[in-house]
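The structure appears right after this line, and notes come after that.
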Amino acid sequence: MSFERNIIITGGAGFIGSHVVRLFVEKYPQYHIINLDKLTYAGNLANLKDIEDRPNYTFIKADICDFETVKRVISENGVDGIIHLAAESHVDRSITDPFVFAKTNVLGTLTLLQAAREYWEPQGWEGKRFYHISTDEVYGALELTRPEGDPDGNECGGGPYGEDFFTEENKYQPHSPYSAAKASSDHFVRAYYDTYGMPTIVTNCSNNYGPYQFPEKLIPLFINNIRNRKPLPVYGRGENVRDWLYVEDHARAIDLIFHEGKVAQTYNIGGFNEWKNIDLIKVLIRTTDKLLGRPEGSDDDLITFVTDRKGHDLRYAIDSTKLKTELGWEPSLQFEEGIEKTVRWYLDNQDWLDNVTSGDYQNYYSKMYDSR
Ligand code: NAD
Ligand code: TYD
């Protein structure tokens, strides 16, 4: 079967990757979508059950650090586009085991770049695209200059919790091993444009939430714990601020930027939706209790303040004006709507949660809590 384009999506069995794969497979039957994923603890093919038999979809279990395999997959399939999401993605794990973050996020990205270059450069760069998905965490942390939260913050300059945002011009100041590894991979991607002329694009997105997120991250972990009436471990005093975006809005942005973004550009992606952790957690409790038919506030006592994360970034806030102005992208969901959809999904998909939280992950997690 011959396709208009052959595109590798790395990390397609993970949280964001599975939404991107689904969107591309369904929207572009004329494209061949190759999901290349190692299936680490965070990758789960159950995330893609609904599209696994589509004629324009192929799954290949492979490590992005394996140069020969990656190069073979690119050349055998005549790949002309790569959307790169595969990564180690959890900050807490990067604090415990930084090496695997350097290996996957830095060397894995370099391996992909070089394998693509060896196949693409002799043909010419025309029609090729290497799109690297990164994070706002590479910019470091912002100040919390409006600690009480100003509801009019967005109108009077900056966000509700501070005057400034991360823009595409911000210098890189990563603090965690995770963000340091992502920052390094971003530099390699830009270096491949500057040095070889490879058509690259980088986007830096804020925190995502929605279905299929591995329940080590705040939102799915807490929904599951509320459901099972387990303690909610809030780091520090819950004062840290994150900017949350519904994952399908991120996937839509990736589709738009892959097709219409300008080569060698960086685009920030975010929802102008800042939340202090403790306030977000209260919304999660309220929404979960409501959907489970429990009296409002009956699970507030699950909140348990624990030792803060080492080097915990205080505030992230993304300015995505460039993406809106140049390509017309905007988030589609209001936060309350997105959160309700998300809570409902996790409550309705207990099998998925049980499946991904069994085995090795369970052991890892209990050890992490033992040491607190
Ligand atoms: P995830 O941890 O849910 O999924 C990562 C996927 O990559 C998994 O399927 C895993 O099996 C795969 N993978 C890991 N190592 C691999 C390797 N060596 N070879 C091949 N596959 C490998 O991550 P996510 O939250 O979906 O994040 C995806 C990307 O988006 C990452 O690059 C992350 O840095 C970036 N990002 C995430 C967020 C967020 O809030 N989750 C925000 C901004 C950017
Ligand atoms: P997380 O979902 O790990 O994303 P990131 O660290 O990439 O922002 O965490 C979101 C916020 O929630 C962050 O400030 C850390 C905090 N947090 C807790 O308070 N308790 C937890 O158990 C987790 C996982 C996170």
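Both counts, for ligands and for their atoms, begin at 1 and track the order of listing. Residue numbers count from 1 along this sequence. Computation of the quantities below employed the complete heavy-atom set of this structure, encompassing side-chain atoms and omitting hydrogens, waters and symmetry-equivalent molecules.
Nearest-heavy-atom check against atom 9 (O) of ligand 2 across Gln213, Lys217, Arg309, Arg315 picks out Arg309.
Listed by number with element, the atoms of ligand 2 under 4.0 Å from a non-hydrogen atom of His90 are 3 (O). Listed by number with element, the atoms of ligand 2 under 4.0 angstrom from any heavy atom of His312 are 13 (C), 14 (O), 15 (C). Those atoms of ligand 2 with a heavy atom of Pro233 less than 4.0 angstrom away are 18 (C), 19 (O), 20 (N), 21 (C), 22 (O). Close approach of ligand 2 to Val234 is summarised as follows: ligand atoms under 4.0 Å from at least one heavy atom of the residue are 19 (O). For ligand 2, the atoms sitting less than 4.0 Å from at least one non-hydrogen atom of Val91 are 6 (O), 7 (O), numbered in the order shown with element in parentheses. For ligand 2, the atoms sitting less than 4.0 Å from at least one non-hydrogen atom of Leu221 are 22 (O), numbered in the order shown with element in parentheses.
Here Asp313 has no heavy atoms under 4.0 Å from ligand 2, in either its backbone or its side chain. With a 4.0 Å heavy-atom cut-off, ligand 2 is reached by the side chain of Asn207 but not by its N, CA, C or O. The part of Glu216 lying near ligand 2 is the backbone, judged by heavy-atom distances below 4.0 Å.
Between Tyr316 and ligand 2, no pair of N/O atoms sits closer than 3.5 Å. Remark: ligand 2 and Tyr235 share an N or O pair separated by less than 3.5 Å (distance only, no angle test). Considering both main-chain and side-chain atoms, Trp244 never comes within under 3.5 Å of ligand 2 through any nitrogen or oxygen pair. Residue Leu218 has at least one nitrogen or oxygen atom sitting less than 3.5 Å from a nitrogen or oxygen atom of ligand 2, judged on distance alone. Between Glu137 and ligand 2, an N or O atom pair is found at a separation short of 3.5 Å. Note: no N/O pair closer than 3.5 Å links Asn240 and ligand 2 by distance alone.
With hydrophobic clusters built from ILVMFWY side chains whose heavy atoms lie under 4.5 angstrom apart, Val21 shares a cluster with Leu39. Grouping the Ile, Leu, Val, Met, Phe, Trp and Tyr side chains by contacts below 4.5 angstrom, directly or via other members, places Ile7 apart from Leu112.
Across Tyr139 and Ile318, no two heavy atoms sit closer than the pair CE1-CD1, 4.4 Å. Closest non-hydrogen pair, Asn47 versus Gly14, comes out as ND2-O, 3.6 Å. Considering all non-hydrogen atoms of both residues, Lys182 and Ile133 come closest at NZ-O, 3.0 Å.
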Quiz prompt | Test log, rule side-chain contact (heavy atoms from CB on, under 4.5 Å), inputs Glu52 and Phe59 | solution = CA-CA 8 Å; Glu52 67 187 7; Phe59 172 71; over 6 Å; no
Exercise. Please assess Thr266 against Lys322 for the test side chain to side chain donor-acceptor pair (under 3.5 Å), listing each intermediate value before the final yes or no.
Key: CA-CA 9 Å; Thr266 297; Lys322 176 177 171 181; over 6 Å; no
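Taking the six-membered ring where the residue is Trp, Tyr131 and Phe258 present parallel rings, their angle staying beneath 30° rather than reaching 60°. Classified by interplanar angle (parallel below 30°, tilted 30° to 60°, perpendicular above 60°), the ring pair Tyr316/Phe166 is tilted. Taking the six-membered ring where tryptophan is involved, the planes of Tyr209 and Phe335 are perpendicular, since the angle between them exceeds 60° and thus also 30°.
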Could you list each N/O atom of ligand 1 together with any protein N/O atom closer than 3.5 Å, one pair per line with the distance?
{"residue": "ligand 1", "atom": "2 (O)", "partner": "Ser89", "partner atom": "OG", "Å": "2.7"}
{"residue": "ligand 1", "atom": "3 (O)", "partner": "Phe15", "partner atom": "N", "Å": "3.0"}
{"residue": "ligand 1", "atom": "9 (O)", "partner": "Gly14", "partner atom": "N", "Å": "2.9"}
{"residue": "ligand 1", "atom": "9 (O)", "partner": "Asp37", "partner atom": "OD1", "Å": "3.3"}
{"residue": "ligand 1", "atom": "9 (O)", "partner": "Asp37", "partner atom": "OD2", "Å": "2.5"}
{"residue": "ligand 1", "atom": "11 (O)", "partner": "Asp37", "partner atom": "OD1", "Å": "2.6"}
{"residue": "ligand 1", "atom": "11 (O)", "partner": "Leu39", "partner atom": "N", "Å": "3.4"}
{"residue": "ligand 1", "atom": "11 (O)", "partner": "Thr40", "partner atom": "N", "Å": "3.0"}
{"residue": "ligand 1", "atom": "11 (O)", "partner": "Thr40", "partner atom": "OG1", "Å": "3.2"}
{"residue": "ligand 1", "atom": "18 (N)", "partner": "Asp63", "partner atom": "OD1", "Å": "2.9"}
{"residue": "ligand 1", "atom": "19 (N)", "partner": "Ile64", "partner atom": "N", "Å": "3.0"}
{"residue": "ligand 1", "atom": "21 (N)", "partner": "Lys38", "partner atom": "N", "Å": "3.0"}
{"residue": "ligand 1", "atom": "23 (O)", "partner": "Ser89", "partner atom": "OG", "Å": "3.3"}
{"residue": "ligand 1", "atom": "26 (O)", "partner": "Phe15", "partner atom": "N", "Å": "3.4"}
{"residue": "ligand 1", "atom": "26 (O)", "partner": "Ile16", "partner atom": "N", "Å": "2.8"}
{"residue": "ligand 1", "atom": "32 (O)", "partner": "Leu85", "partner atom": "O", "Å": "2.9"}
{"residue": "ligand 1", "atom": "32 (O)", "partner": "Lys182", "partner atom": "NZ", "Å": "2.6"}
{"residue": "ligand 1", "atom": "34 (O)", "partner": "Tyr178", "partner atom": "OH", "Å": "2.7"}
{"residue": "ligand 1", "atom": "34 (O)", "partner": "Lys182", "partner atom": "NZ", "Å": "3.1"}
{"residue": "ligand 1", "atom": "40 (O)", "partner": "Asn208", "partner atom": "N", "Å": "2.8"}

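Of the N and O atoms on the side chains of Thr109 and His84, at least one donor lies less than 3.5 Å from an acceptor on the other residue.
A distance-only check finds no donor-acceptor pair linking the side chain of Arg54 to the backbone of Arg22 [under 3.5 Å]. In this structure a side-chain-to-backbone donor-acceptor pair under 3.5 Å is present from Asn208 to Ser206.
The hydrophobic side chain of Phe99 is isolated, with no ILVMFWY side chain under 4.5 Å apart from it.
By the 4.0 Å heavy-atom criterion, Tyr178 is excluded from the residues contacting ligand 2.
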